[in-house]
Amino acid sequence: MKAGWREQVLTVIAEIPPGRVTTYGRIAAMAEGATPRLVARALRELPTGHDQPWFRIITASRKLADHPGAAEQRQHLAAEGVLLDARGRAPVERMWP
DNA sequence: CAGTTGACCCGCG
DNA sequence: TCGCGGGCCAACT
């Protein structure tokens, strides 16, 4: 199937189960033509008030990326049971394969 | 030490 | 104008 990488990124995001997180790199690997930077850019350009679980995407070091909605992201994750440790990292067992 | 990654930014086609 | 490849670079594995 041939779809734009943006579309694939959105699809992959929608597949992430609640209470799980994944990284830019993994999203990029699953969406042909995407790179971690492009994934990040795509997320930034998402309109506010969309229904995608963008908050389930974190950096390769399992921390939240530095962006204006980071605080909100942390709350969304906490609400799903993904609590960050003292270093701000999400537990490995919460990673979506 | 060496490789990866990034919620950027600019510049090219 | 728009989309995105790619450069720079700091931070982390």
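A note on names: the letters A, B, ... follow the listed sequences, proteins ahead of strands, and every chain is numbered from 1.
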Task: pair R89(A)-L84(A): side-chain heavy atoms closer than 4.5 Å - done: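 No. Closest side-chain heavy atoms not under 4.5 Å.
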
Open item on the list: Do E80(A) and F55(A) have side chains that approach each other closer than 4.5 Å (heavy atoms only, starting at C-beta)?
Closed with: yes

Locate the shortest heavy-atom distance separating [X] from [Y]; write the atom from each residue and the value.
X: A60(A); Y: T23(A); value: CA-CG2, 4.0 Å
X: I57(A); Y: Q73(A); value: O-NE2, 2.9 Å
X: R26(A); Y: W96(A); value: CD-O, 3.9 Å
X: A34(A); Y: V39(A); value: CB-CG2, 4.2 Å
X: A70(A); Y: L64(A); value: O-CD1, 3.5 Å

Tabulate atom names and distances for all N/O pairs under 3.5 angstrom spanning the protein and nucleotides 11-13 of chain C.
unit_1, atom_1, unit_2, atom_2, d
dC12(C), OP1, K63(A), NZ, 3.3

- [ ] Calculate the interatomic distance between D66(A) atom CG and dT5(B) atom P; express it in whole Å.
- [x] 18 Å

Task: Donor-acceptor under 3.5 Å (R94(A) side chain, G81(A) main chain) - done: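 Checking the backbone N and O of G81(A) against the side chain of R94(A), a donor-acceptor pair under 3.5 Å is found.
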
Can you give me the N/O atom pairs linking the protein to nucleotides 1-5 of chain C at distances under 3.5 Å, or say none if there are none?
unit_1, atom_1, unit_2, atom_2, d
dC4(C), OP1, W5(A), NE1, 3.1
dC4(C), OP2, R6(A), NE, 2.9
dC4(C), OP2, R6(A), NH2, 3.3
dC4(C), N1, R41(A), NH1, 3.3
dG5(C), O6, R41(A), NH1, 3.4
dG5(C), O6, R41(A), NH2, 2.3

